[in-house]
Each structure stands twice: as C-alpha cells, then as structure tokens.
Chemist: 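Before I ask anything, here is the structure I am working with.
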Amino acid sequence: MTSSPGDGDDGCAAESRPLVCDRCGTSAGTVADGPPLTWTWSVENGVRRCFCERCSRENLRSIEGRLDSDWW
C-alpha cells in the first residue's frame with residue numbers, strides 16, 4: 001500500500017500544535033516536540049486520538065479490549 005507525502009500516520013508530527021489528552025485535557029507540549037513515550041495513541045472511527053499516561057493506566061483493560069474511549 002502506498003500513500004502520498006503527508007498522508008502517513010505521522011503526518012501531524014511536523015505541526016507545532018498543542019498535544020492534549022483527548023480524555024482529560026492534560027497538555028504535554030506540542031506535537032512537534034513528539035509525544036511522550038508514556039502516552040497512548042488510538043484510531044477510533046478514523047480519528048486519531050491520544051491519551052495521557054494517567055488516563056491510559058486507568059483504562060488499560062478497556063484499551064486492551066479495543067473498546068472505543070466512549071465506553072470508558
């Protein structure tokens with residue numbers, strides 16, 4: 001499978017927009033700085049979402065069960 005430039009999974013990595021947890025709103029700098037290694041990334045209904053370390057730990061079973069974050 002091929003994709004055009006900028007269409008990859010990391011297409012937003014070059015942007016310098018704030019990186020915010022989609023569950024609790026915790027901020028972790030900017031996307032250009034790179035996501036912290038302890039954060040979790042997910043694609044739900046075609047939308048890329050990220051979750052901070054605390055939210056990831058609290059909802060680990062749901063994440064491993066591949067439940068959308070709406071179910072947490």
Side-chain angles (χ1 to χ4, degrees):
M1 176 179 212
T2 60
S3 60
S4 61
D7 284 348
D9 287 338
D10 267 349
C12 65
E15 299 175 18
S16 64
R17 60 184 176 89
L19 181 63
V20 178
C21 176
D22 287 318
R23 180 133 177 100
C24 71
T26 297
S27 178
T30 62
V31 173
D33 297 336
L37 296 176
T38 55
W39 281 44
T40 302
W41 292 89
S42 173
V43 177
E44 299 175 9
N45 298 318
V47 177
R48 189 170 181 182
R49 303 184 67 176
C50 62
F51 304 101
C52 69
E53 179 178 4
R54 189 180 113 238
C55 290
S56 297
R57 286 178 183 261
E58 289 176 356
N59 298 289
L60 183 61
R61 288 184 183 209
S62 296
I63 292 169
E64 288 179 343
R66 300 194 179 269
L67 295 175
D68 284 348
S69 59
D70 293 338
W71 288 95
W72 310 352

Chemist: Show the nearest heavy-atom pair for residues E44 and F51, with the distance to one decimal.
Modeler: OE2-CZ, 3.9 Å
Chemist: Under 3.5 Å, side chain of D22 to main-chain N/O of C50, donor-acceptor pair present?
Modeler: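 Flag set: sc D22 to bb C50 pair under 3.5 Å.
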Chemist: Return the CZ to CG distance between R54 and N59, rounded to the nearest 0.5 Å.
Modeler: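 So the CZ of R54 and the CG of N59 are separated by 9.5 Å.
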Chemist: Looking only at heavy atoms, what is the nearest atom pair of T26 and C24, with distance?
Modeler: OG1-SG, 2.9 Å
Chemist: Heavy atoms only: give me the nearest C55-C21 pair and the separation to one decimal.
Modeler: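 Shortest heavy-atom separation between C55 and C21 comes out as SG-SG, 3.8 Å.
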Chemist: Test the R48-W41 pair against the cation-pi criterion, namely NZ or CZ under 6.0 angstrom from the six-membered ring centroid and within 45° of the ring axis.
Modeler: yes
Chemist: Distance check, rounded to the nearest 0.5 Å: T38 atom OG1 versus R57 atom CZ?
Modeler: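 Separation between the atoms: 8.0 Å.
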